[in-house]
A.B. asks: 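Dumping the structure here so I can ask a few things about it.
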Amino acid sequence: MDKTFQPANIETRWYEEWEAKGYFAPQGGEQAYSIMIPPPNVTGSLHMGHGFQEALMDALIRYHRMSGFNTLWQVGTDHAGIATQMLVERQLEAKGTNRHELGREKFLEKVWEWKEESGGTITRQLRRLGSSMDWSRERFTMDDGLSDAVQTVFIQLYREGLIYRGNRLVNWDPALHTAISDLEVISEEEKGFLWHFKYPLSNGEGHLTVATTRPETMLGDTAVAVHPDDERYKHLLGQTIELPLTGRQIPIIADDYVDMEFGTGCVKITPAHDFNDYDMGKRHDLPVINILDDNAAINNNAPEAYRGMDRDDARKQIVSDMDKLGLLEKVEDHTLKVPRGDRSGVVIEPYLTMQWYVDAKTLAKPAIEAVENGDIEFVPKQWENTYFSWMRDIQDWCISRQLWWGHRIPAWYDDEGNIYVGDNEAEVRSEHKLSDAVTLKQDNDVLDTWFSSALWTFSTLGWPEESEDLAIFHPSSVLVTGFDIIFFWVARMIMMTLHFRKEVPFHTVYVHGLVRDAEGQKMSKSKGNVIDPIDLIDGIALEDLVAKRTSGMMQPRLASKAEKSTRKQFPDGIDAYGTDALRFTYYSLASTGRDIKFDLGRIEGYKNFCNKIWNAARYVLMNCENEDCGLTDANDVDLTLADRWIMSKLQETKTEVAHAVANYRFDHASQALYEFIWNEYCDWYLELSKPVLWDESASEAAKRGTRQTLIRVLEECLRLLHPFMPYITEEIWQTVGPLAGKSGPTIMLQPYPVCQEQLIDTAANADTTWLKNVIIGIRNIRGEMNIAPGKELAVFLKDGDAEDKSRLEQNEVFLKKLAKLSDARWLAQGEEAPVCATALVGKLEILVPMADLIDKDAELARLAKETEKIEKDLARIQGKLSNPAFVDKAPAAVVEKEREKVTAQQQALEKLQDQAQRIREM
RNA sequence: AGGACUAUAGCUCAGUUGGUUAGAGCGCUACCUUGACAUGGUAGAGGUCCCCAGUUCGAAUCUGGGUAGUCCUACCA
């Protein structure tokens, strides 16, 4: 074995072997356990957030696989309609062409080509992370099978009246030329202006002043509204306004939507370009005048002067024209929420178009009930509220997208505008008995990507066929996801699955936090602060990282900012930490919080942990290989206190890990393992094994016992750790497993350790605590008194009880070795010890003679520090006990405990004071 | 505007049903190349548990109010 752990040498090798041997496939077993991967964008790449999520799922999967479940991790990707189409369009643009020149069919070929070309990135990354998904079942949302599912669902929902077509205002992305759903619109505050326009009354008797943030929409105004109770304007109701620049006469109407307090209390109403105005328009039967085209330029419904102008130019022109007419009253600075497309980043227009909708309200009802009645449970629980609040006020879902990349809507239209929905044109014709003379045209649009991913849990398993996989693995066990897609995906999956399967898609939704950078910023490509998990595994030089982060950035200003912060945050680039360290870091950060700040210090620490494990294994192998480890009954085996204690601690650790995993507290699981392996097994047990193994006089049976314990505990630790650190555990287990009497080709398929109650040994725990405290007491004196670590000490023991005596007797070897003692002798009755430094363990006094190594002042200072601590504690406890209310009302056990503390602390205090006195008298 | 979450050591974070001497890792200080590991060992320093009030014998923990920050939903032209 190498002296240090070198992850790069082993990771790929093991992954290839696991995959080749088919270990990732379900292995049978009575109970099924399945997780459906949230499908990443097929042409994208994994970032730290994905890495985190995959690590969590893999831990669950490996844990349950080892625990004997019939375990399936369903893998796959989605086609990410808008994102992918945008990317390919950009590529075409670079070549000086576009999709319209290419035509639909050719364009789609290009997209498929791009998918083939870039699709490997994600799967490569998943493999590097050690994710044990069943690759033989990989699915893609645009596969034939999944496309069938999409089509079946669409047709059935249409026939049930749960999908309909409607002409309404949608969120229109003028750059991508498609409608998008409410969820794909991000509204953020931006600085803008509030323009105040005078709208003259038609009768020439003055004007009303309206305020607007979007002057260009005035061309589509069809009314001015005031509040019905507004005394200022009551007399004007029913009159009309002469809308400037258009010459149109529009009414003054009353509607209590208007806020009297805001601005002048008069609102211009543009039903075609504002959601609220649209509703108001319906209430008042106002005409709807659309003044924009698909590009959000002014169309022919507007006065000629503005036609063809881009919306921004039109805005400037209108403001200037109004000003010239003397109708611009004032302009104020104003911050407003600007809706932008989450993909394109351009300002979204409310725009009147014909689109397809899902009746979400109907589907939501059972989906709400499923969470209310506990069929689906969110972890942490509070996310259920987020889910409810959205579901109870859900809007119909616009599912058509004016794109080419996606599932084409299976609807045909004849020349009269009749709609025929069916599997294909031929079927539609025969079903509706349409003659060949009728021309049919298929809908040009495709479905929202989320429409297909909403079917993910069952479409991946073969639906609409009633496959055996469906019967076994559906509903899935748990969905692991971020809270940012509860609405996008989780809710829609629940709705669709309940409707089509009459069962839930998963029993539990485990909602994890979002990974942020060290400054708490959300990681995003546009900010240039993303980290590719592979770069943490393999490491990356600073210059490469800077290049990676700034390449392809649209705004040079942001690029230089990204470069600056990258250089500051990673002055030396990123070290190679290996997959296991990265994964363990993820687990340690997976608490219930919403934000996870990724700190390099943590991963560094866990890299060291890997090395610690590696070296512990080296030590164990050095001592156990080619030795009798007591695995057969042939020879007697004696177990020392240390052996019994570490086995007992191991059982406690198993319980802790199981409990933590059951509650999705991976931070607790990882901490329990770290704590046990480093602070108990390495720091204490390995040290305690040395006196036995290296002591000539120790019995063979005792040595066998120690070797047996060394190897067994290590082997169990490896299995316990495997779901979290797959590579290092497999590598070491290959040698350690057989030595511990285990056989099998891989640790992956070994049983996960469970607590063996009979090995919990409270007496051994107590004895070991005592032993540790004695050793720590002596070490403390060494440290504080600056006694060289190598110098052997002869100590005296005083005042102990029978238990102290027997404990010392049984553990003298351990004590001498770990505290570096040449001797430990009880003071005889009445025997005066020389002047000593003192450590207390309960009533037992440990005396380190000060002769010739003394620093009188140092010891006095040390005693003073101890004394002060105890005095403070004592004062606190005595205060409590002198309070009659406490003594009366607190449980007797609590009071008793406090009393015992007082006694113990008083005794300790006396001893320390005695000690100080003696030293002062020296 | 409504709602949620967060506030604990210099940093990143744990802290179960109220009773601990409030913990871990990193960082820091001192000492140590002892036969698994210097990616290490030993010892140590470091906290007004955001503030105020309340409940209680007892509050980091429960209640109310406040401050700061983050996020979600809705939206005022």
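Every heavy atom of this structure was used, including side-chain atoms; hydrogens, water molecules and symmetry mates were not. Just so it is clear, the structure is predicted and the values come from calculations on it, not from any experiment. So that the names make sense, note that chain A is the first sequence line, chain B the second, and so on, each numbered from 1.
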A.B. asks: Send over the distance from A/Ile486 CD1 to B/C72 C1', rounded to a whole Å.
C.D. replies: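 About 10 Å, once rounded to whole Å.
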A.B. asks: Which residue, A/Asn385 or A/Gly593, contacts RNA chain B at a nucleotide closer to its 5' end, judged by nearest heavy atom?
C.D. replies: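 Final value for this comparison: A/Asn385.
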A.B. asks: What integer number of Å spans the C1' atoms of B/U70 and B/C62?
C.D. replies: 25 Å
A.B. asks: Let's see if you can work this out: which of B/U12, B/A43, B/A77 has an atom nearest to the side-chain heavy atoms of A/Lys268?
C.D. replies: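 Side chain of A/Lys268 sits closest to B/A77.
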A.B. asks: Select one nucleotide: of B/A77, B/C37, B/G44, the one nearest the side-chain heavy atoms of A/Thr212.
C.D. replies: B/A77
A.B. asks: Please state whether the phosphate of B/A38, meaning OP1 or OP2, lies under 4.0 angstrom from any side-chain nitrogen or oxygen of A/Lys3.
C.D. replies: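 True: A/Lys3 side-chain N/O within range (under 4.0 Å) of B/A38 OP1/OP2.
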A.B. asks: Heavy atoms under 4.0 Å, any strand shown: does A/Asp683 hit a base, just sugar-phosphate, or nothing?
C.D. replies: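 Here A/Asp683 touches the backbone only, sparing every base.
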A.B. asks: Any side-chain donor paired with an acceptor under 3.5 Å for A/Thr335 and A/Glu189?
C.D. replies: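 No, no side-chain donor-acceptor contact under 3.5 Å.
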A.B. asks: So what does A/Val258 hit on the nucleic acid, given a heavy-atom distance under 4.0 Å: a base, only sugar-phosphate, or nothing?
C.D. replies: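 A/Val258: base contact, heavy atoms under 4.0 Å.
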A.B. asks: Contact class for A/Phe5 vs. all strands (heavy atom < 4.0 Å): base, sugar-phosphate, or nothing?
C.D. replies: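 Nothing: the residue A/Phe5, judged by heavy atoms under 4.0 Å, touches no strand.
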A.B. asks: Between B/A36, B/U12, B/A14, spot the one nearest the side chain of A/Leu589, thanks.
C.D. replies: B/U12
A.B. asks: Ignoring backbone atoms, test whether A/His334 places a side-chain nitrogen or oxygen under 4.0 Å from the OP1 or OP2 oxygen of B/A77.
C.D. replies: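 True: A/His334 side-chain N/O within range (under 4.0 Å) of B/A77 OP1/OP2.
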A.B. asks: Does B/U48 have a Watson-Crick or wobble partner in any strand here, with both distances under 3.5 angstrom, and which is it?
C.D. replies: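 WC or wobble partner does not exist here.
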A.B. asks: Without hydrogens or angle criteria, can the side chains of A/His227 and A/Asp256 be said to hold a donor-acceptor pair below 3.5 Å?
C.D. replies: no
A.B. asks: Would you say A/Tyr199 and A/Asp221 are linked by a side-chain donor-acceptor pair, where the criterion is simply a distance under 3.5 Å?
C.D. replies: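 There is such a pair (donor and acceptor under 3.5 Å, judged by atom type) between the side chains of A/Asp221 and A/Tyr199.
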A.B. asks: Would you please say whether a donor-acceptor pair under 3.5 Å links the side chains of A/Thr4 and A/Gln6?
C.D. replies: yes
A.B. asks: Which label fits A/Tyr685 and A/Tyr681: parallel for a plane angle under 30°, tilted from 30 to 60°, or perpendicular past 60°?
C.D. replies: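 Parallel: the ring planes of A/Tyr685 and A/Tyr681 meet at under 30°.
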A.B. asks: Hunt down the Watson-Crick or G-U wobble partner of B/U67, both distances under 3.5 Å, from any strand shown, or write none.
C.D. replies: B/A7
A.B. asks: Heavy atoms only, 4.0 Å cut-off, all strands: where does A/Leu686 land among base, sugar-phosphate and nothing?
C.D. replies: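 A/Leu686: base contact, heavy atoms under 4.0 Å.
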A.B. asks: So does A/Arg782 get a side-chain nitrogen or oxygen closer than 4.0 Å to the phosphate oxygens (OP1/OP2) of B/G41?
C.D. replies: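 Checking A/Arg782 against B/G41: no side-chain N or O falls below 4.0 Å of OP1 or OP2.
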A.B. asks: Between B/U12, B/U39, B/A45, which nucleotide has the shortest distance from any of its atoms to the side chain of A/Lys865?
C.D. replies: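 For A/Lys865, the side-chain atoms sit closest to B/A45.
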A.B. asks: Taking the P atom of each, how far is B/A59 from B/A74, in whole Å?
C.D. replies: 43 Å
A.B. asks: Without decimals, in angstroms, what is the distance between A/His668 NE2 and B/C13 C1'?
C.D. replies: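 After rounding, the reported distance stands at 10 Å.
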A.B. asks: Starting at CG of A/Leu881 and ending at P of B/G58, how long is that distance when rounded to a whole Å?
C.D. replies: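 Rounded to whole Å, this separation is 14 Å.
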A.B. asks: Between B/U55 and B/G10, how far is it from one C1' atom to the other, in whole Å?
C.D. replies: 36 Å
A.B. asks: With a 4.0 Å cut-off on heavy atoms, is A/Trp694 in touch with a base, just the backbone sugar-phosphate, or nothing at all?
C.D. replies: base
A.B. asks: Looking at the side chain of A/Tyr619, which of B/U42, B/A36, B/U70 is the nearest nucleotide?
C.D. replies: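 Output: B/A36.
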A.B. asks: Can you confirm whether A/Asp888 is buried at CG, in the sense that more than 12 heavy atoms of other residues, nucleotides or ligands lie under 6.0 Å from that atom?
C.D. replies: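 Yes, because the 6.0 Å sphere around CG of A/Asp888 holds more than 12 heavy atoms from other groups.
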A.B. asks: Would you say A/Glu627 has more than 12 foreign heavy atoms packed within less than 6.0 Å of its CD?
C.D. replies: yes
A.B. asks: Quickly work out the A/Ile596 CD1 to B/C5 P distance and round it to whole Å.
C.D. replies: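 The distance from CD1 of A/Ile596 to P of B/C5 comes to 17 Å, rounded to the nearest Å.
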A.B. asks: Under 4.0 Å, heavy atoms only, any strand: does A/Arg392 hit a base, just the sugar-phosphate, or nothing?
C.D. replies: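 Nothing, no heavy atom under 4.0 Å.
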A.B. asks: Write down the distance separating the C1' atoms in B/C49 and B/G44, rounded off to the nearest Å.
C.D. replies: 23 Å
A.B. asks: Between B/U8 and B/A14, how many Å separate the two P atoms, rounded to a whole number?
C.D. replies: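 These two P atoms come out 10 Å apart once rounded.
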A.B. asks: With a 4.0 Å cutoff (strictly under), does any side-chain N or O of A/Lys612 reach OP1 or OP2 of B/G41?
C.D. replies: yes
A.B. asks: Between A/Phe483 and A/Ala211, which residue's closest nucleotide on RNA chain B lies nearer the 5′ terminus?
C.D. replies: A/Phe483
A.B. asks: Does OP1 or OP2 of B/A36 have a side-chain N or O of A/Asn623 closer than 4.0 Å?
C.D. replies: no
A.B. asks: Quantified in whole Å, what is the P atom distance between nucleotide B/A24 and nucleotide B/G46?
C.D. replies: 14 Å
A.B. asks: Please lay out, stage by stage, how A/Phe724 and A/Phe666 fare under the test side chain to side chain contact (heavy atoms under 4.5 Å, CB included).
C.D. replies: CA-CA 9 Å; A/Phe724 311 100; A/Phe666 297 94; 4.0 Å; yes
A.B. asks: Does B/A60 have a Watson-Crick or wobble partner in any strand here, with both distances under 3.5 angstrom, and which is it?
C.D. replies: none
A.B. asks: Identify the nucleotide, in any strand shown, that forms a Watson-Crick or G-U wobble pair with B/U39, with both distances under 3.5 Å; if there is none, say none.
C.D. replies: none
A.B. asks: Counting neighbours of CZ on A/Phe886 that are heavy atoms of other residues, nucleotides or ligands and sit closer than 6.0 Å, is the number greater than 12?
C.D. replies: yes
A.B. asks: Taking the side chain of A/Thr213 as heavy atoms from C-beta outward, which of B/U39, B/A77, B/C71 is closest to it?
C.D. replies: B/A77
A.B. asks: Take the angle between the ring planes of A/Tyr674 and A/Tyr606 and call it parallel below 30°, perpendicular above 60°, tilted in between.
C.D. replies: perpendicular
A.B. asks: Roughly how many Å is it from CD in A/Glu792 to C1' in B/U34, rounded to a whole number?
C.D. replies: 12 Å
A.B. asks: So A/Arg779, base contact, sugar-phosphate only, or nothing? Heavy-atom distance under 4.0 Å.
C.D. replies: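 Result for A/Arg779 = sugar-phosphate.
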A.B. asks: Once each nucleotide of nucleotides 16-27 of chain B is scored for protein heavy atoms under 4.0 Å, what B/S/- sequence comes out, 5' to 3'?
C.D. replies: ---BSS---S--
A.B. asks: Just the rounded figure in Å: distance from P of B/A4 to CG of A/Asp595.
C.D. replies: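 Rounded to whole Å, this separation is 18 Å.
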A.B. asks: Using a 4.0 Å heavy-atom cut-off across all strands, classify A/Lys607 as base, sugar-phosphate, or nothing.
C.D. replies: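 Base contact.
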A.B. asks: Could you state the CD1-P distance from A/Ile613 to B/G40, rounded to the nearest angstrom?
C.D. replies: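 Distance check: A/Ile613 CD1 to B/G40 P gives 13 Å.
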A.B. asks: I'd like to know if the side chain of A/Tyr619 pairs up with that of A/Ser689 as donor and acceptor (distance under 3.5 Å, no hydrogens or angles considered).
C.D. replies: yes
A.B. asks: Select one nucleotide: of B/C37, B/G44, B/A14, the one nearest the side-chain heavy atoms of A/Asn611.
C.D. replies: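 So the nucleotide nearest the side chain must be B/C37.
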A.B. asks: Across all strands, who's sitting opposite B/A1 as a Watson-Crick or G-U wobble pair, both distances under 3.5 Å?
C.D. replies: B/U73
A.B. asks: Take atom P in B/C50 and the same atom in B/A60, then report the distance between them in whole Å.
C.D. replies: 10 Å
A.B. asks: Whole angstrom is fine here: how far is it from CD1 in A/Ile250 over to P in B/A77?
C.D. replies: 19 Å
A.B. asks: Roughly how far apart, to the nearest Å, are B/G15 and B/G25 at atom C1'?
C.D. replies: 15 Å
A.B. asks: Can you tell which of B/A14, B/C57, B/A77 lies closest to the side chain of A/Tyr257?
C.D. replies: B/A77
A.B. asks: Looking at B/G44, B/G15, B/C37, which one has an atom nearest to any side-chain atom of A/Arg618?
C.D. replies: B/C37
A.B. asks: Taking the six-membered ring for Trp, is the centroid-to-centroid distance between A/Phe5 and A/Trp614 below 6.0 Å?
C.D. replies: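 Ring centres of A/Trp614 and A/Phe5 closer than 6.0 Å.
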A.B. asks: Could you check whether A/Asp259 gets within reach of a base, just the sugar-phosphate, or nothing at all, counting any heavy atom under 4.0 Å?
C.D. replies: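 Here A/Asp259 touches the bases of the nucleic acid.
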A.B. asks: Where the side chain of A/Cys682 is defined as all heavy atoms beyond and including C-beta, which of B/U39, B/A36, B/U42 is the nearest nucleotide?
C.D. replies: B/A36
A.B. asks: State whether the distance check finds a donor on one side and an acceptor on the other, under 3.5 Å, for side chain A/Glu687 versus base B/A36.
C.D. replies: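 Such a pair exists between side chain and base.
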